[in-house]
Number of protein chains: 2
Amino acid sequence: MTTIKDVAQRAGVSVTTVSRVINDSGYVGETARERVTKAMEELNFQPSRLARGLVSGKTSTIGLLIPDVANPFFADVARGIEDAAIAKGYTTILCNSDWKREREVMYLDILRSRWADGVIIAGSRSGEEVIDQATAGLPLVLVDRRGSAKRSSVWMDNERGGRLATSHLINIGCRRIVHISGPEGSPSAYGRKLGFEGVISENRARYEGLRGELIQGDFRYEGGHEIGLSLLRSKDRPDGIFAANDLMAVGILQAARFCGIEVPDELAIVGYDNIALSEYSFPSLTTIAQPGYAMGRSAFQLLLNQLGSGRNHHSEQQEFEPKLILRGSTARKQQAGT
Amino acid sequence: MTTIKDVAQRAGVSVTTVSRVINDSGYVGETARERVTKAMEELNFQPSRLARGLVSGKTSTIGLLIPDVANPFFADVARGIEDAAIAKGYTTILCNSDWKREREVMYLDILRSRWADGVIIAGSRSGEEVIDQATAGLPLVLVDRRGSAKRSSVWMDNERGGRLATSHLINIGCRRIVHISGPEGSPSAYGRKLGFEGVISENRARYEGLRGELIQGDFRYEGGHEIGLSLLRSKDRPDGIFAANDLMAVGILQAARFCGIEVPDELAIVGYDNIALSEYSFPSLTTIAQPGYAMGRSAFQLLLNQLGSGRNHHSEQQEFEPKLILRGSTARKQQAGT
DNA sequence: ACTCCATGTGGAAACGTTTCCACGTCTCTT
DNA sequence: AAGAGACGTGGAAACGTTTCCACATGGAGT
């Protein structure tokens with residue numbers, strides 16, 4: 001490792017001068033600057049960010065805590081964040097919590113020990129107190145929930161999304177609807193469930209025989225597949241399913257194909273997220289769009305605003321609108337009247 | 001930030017003793033140990049990895065340089081690497097090069113400045129000299145190519161994979177076959193192309209009228225879609241397409257649906273990677289399996305071996321076998337004889 | 001009674017930077 | 001002619017650890 005001292009020696013100046021050249025601060029003479037620049041190039045010198053971080057207290061590093069990069073939605077979020085971060089000179093540490101609370105806490109400890117300047121947490125199942133405790137003063141942006149006013153967050157109105165999805169199923173004539181929810185504790189899953197329940201109970205008077213059922217899922221493809229199989233093999237099978245994310249919805253789609261059930265005519269399916277997969281499945285999946293990449297970019301921007309503003313806890317909320325994307329999995333030949 | 005000094009003071013001992021307790025090294029008395037442990041808990045103390053790294057020269061950090069996490073194959077690789085890394089106490093820095101060589105170099109400079117202990121590069125388009133130059137002594141594992149003997153690498157026999165795919169298309173009766181290759185410079189894309197060309201030229205004598213054509217792609221869905229459209233609209237359209245990855249293959253699938261061309265009967269399609277998407281598309285995609293997660297785990301293991309072995313450049317190669325996965329996109333009613 | 005070694009502890013240097021302070025020299029103003 | 005800047009430079013402290021060294025104290029072996 002070549003250090004600033006080597007550069008100083010080679011250029012025949014002091015380390016102070018080299019530092020000034022690197023940071024373009026203070027006064028440096030023309031000749032000195034040239035010699036330092038030359039020496040840096042010759043030695044292929046890169047100042048150590050460790051040392052720099054130690055003295056400045058800033059590491060230009062952020063932590064990204066998500067359940068799973070292999071989940072396309074979070075991969076999009078991650079990409080959005082990393083792109084925005086590197087553009088501002090920040091480096092991103094990747095942390096996959098695998099939906100486990102204890103892993104979240106573990107990663108947060110690691111991030112603190114590495115002096116991350118801030119953290120973005122997406123898809124956490126932990127409560128706010130736990131997060132508060134574990135982040136302990138670390139600047140923070142949450143991406144899946146409406147945080148309290150004192151915290152920055154990027155979120156969607158998941159309840160509205162859940163309402164859109166459920167209403168749509170009712171509109172096309174479904175009367176026995178099942179909602180496969182997300183893991184317990186996930187605020188987005190909770191919102192979607194609320195929306196579902198709300199619409200079902202509001203419409204029960206209007207459409208007699210309308211029934212809504214709830215099954216707890218895990219946001220994973222395999223989980224959706226299994227639940228789909230057991231659900232579709234029962235006598236009293238549903239004619240509409242709203243899955244809390246696309247991955248599970250696609251799992252159900254496969255289960256339906258396996259059971260020889262026609263989608264959308266015998267069974268209509270709505271997902272959530274609008275990941276690429278939902279467009280290319282067969283039939284293509286009606287879903288609620290959630291712009292992962294844009295939400296990621298936005299989350300980093302909020303974090304940056306917080307970092308810039310020093311002590312005075314500049315906190316902001318950014319909301320994204322859920323949007324119903326109509327595709328094959330609910331495109332019935334004849335629709336029931338509204 | 002609470003420091004080791006605060007802990008020492010609270011426990012009434014020297015920083016040396018605290019350090020010994022933290023690292024469980026040297027002699028520490030029973031009472032002193034207890035008091036230090038207690039003080040650490042009370043202060044919620046986490047030793048600074050920056051300071052530690054500065055003195056030890058080791059940061060327990062690795063860099064992960066991939067083209068794009070939003071590409072499901074690389075997301076799998078990333079997940080495999082991160083899982084393996086955290087299990088050994090290493091932290092992963094995420095770098096998306098977006099297939100651009102200059103971004104690779106930029107990221108490598110950043111990683112060096114952060115004193116990453118090692119780097120894993122997947123899907124790079126840069127030549128070995130460029131990589132050598134940019135990594136400059138950083139322990140390194142390449143994941144998509146058979147490195148020279150002096151370098152650790154994880155790879156697949158892409159040429160064999162290309163041969164499998166192309167032979168399969170010929171076997172089911174395709175005679176005008178197009179290969180959509182990957183971006184220029186990518187070794188995996190190159191291997192697949194070689195395999196394609198080899199099989200085509202070897203079979204030209206046997207099957208008269210057999211034609212193979214090459215089109216340069218970019219490993220992206222949209223690219224595949226566009227190429228598919230222009231290809232399928234021409235009079236002289238192919239009856240078989242081998243795409244260098246699944247993303248492009250699915251793009252072509254969509255293009256075929258758009259043009260009203262029957263898959264697999266009018267057009268057979270083979271992809272590469274076996275990402276989740278390939279199973280859920282319609283028709284499902286015949287492809288060459290590439291186990292991203294396992295390759296990621298493996299890559300980290302090789303890196304770890306290198307890190308442990310000090311100066312003596314312990315380098316290993318790990319090879320994975322390509323496997324043909326038969327699915328709907330090539331399942332023709334009647335197959336031509338071999 | 002002596003040395004020897006295991007045990008326990010702390011001071012201080014080192015890691016590679018940034019930054020505060022001090023000390024020059026030159027030029028311009030009055 | 002003298003003082004006030006502006007300009008240019010370097011020494012050294014500081015950041016939070018680890019680790020080398022020195023120095024105690026005690027008991028066991030001769």
Just how far, in rounded Å, is P of D/dC15 from CG of B/Leu54?
14 Å

Backbone N or O of B/Leu140 within a donor-acceptor pair of the B/Gln306 side chain at under 3.5 Å?
yes

Where along residues 20-39 of chain A does a heavy atom fall under 4.0 Å from DNA chain C?
A/Asn23

Among the nucleotides C/dT9, D/dT19, D/dG10, whichever has the atom closest to the side chain of B/Thr17 is C/dT9

Between B/Phe219 and B/Ser186, is any pair of side-chain heavy atoms under 4.5 Å apart?
yes

Picking from D/dT17, D/dC15, C/dG10, which would you name as closest to the side chain of B/Phe45?
D/dT17

Please evaluate the base of C/dG11 for a donor-acceptor partner in the side chain of B/Thr16 within a cut-off of under 3.5 Å?
yes

In whole angstroms, the gap separating C1' of C/dG16 from CZ of B/Arg114 amounts to 15 Å

Considering only side-chain heavy atoms of B/Ile4, which listed nucleotide, C/dT18, D/dT17, D/dC15, is closest?
D/dT17

A/Leu50 has an atom CG; how far is it from atom C1' of D/dA14, in whole Å?
17 Å

Let me see the working for A/Gln9 and A/Lys5 under side-chain contact (heavy atoms from CB on, under 4.5 Å), right down to the final yes or no.
CA-CA 6 Å; A/Gln9 197 167 350; A/Lys5 242 180 227 161; 5.8 Å; no

Rounding to a whole Å, what distance do you find between B/Lys5:NZ and D/dT18:C1'?
14 Å

Has the side chain of A/Asp117 got a donor or acceptor atom that lies under 3.5 Å from a matching backbone atom of A/Thr59?
yes

Quick one: does B/Arg35's side chain get under 4.5 Å of B/Val13's, heavy atoms only?
no

Check whether the side chains of B/Arg114 and B/Thr61 place a donor and an acceptor atom closer than 3.5 Å, and report yes or no.
no

Ranking D/dG16, D/dA12, D/dT18 by distance to the side chain of B/Ser19, first place goes to D/dT18

When rounded to whole Å, the CG to P distance for the pair A/Asp6 and C/dC15 reads 11 Å

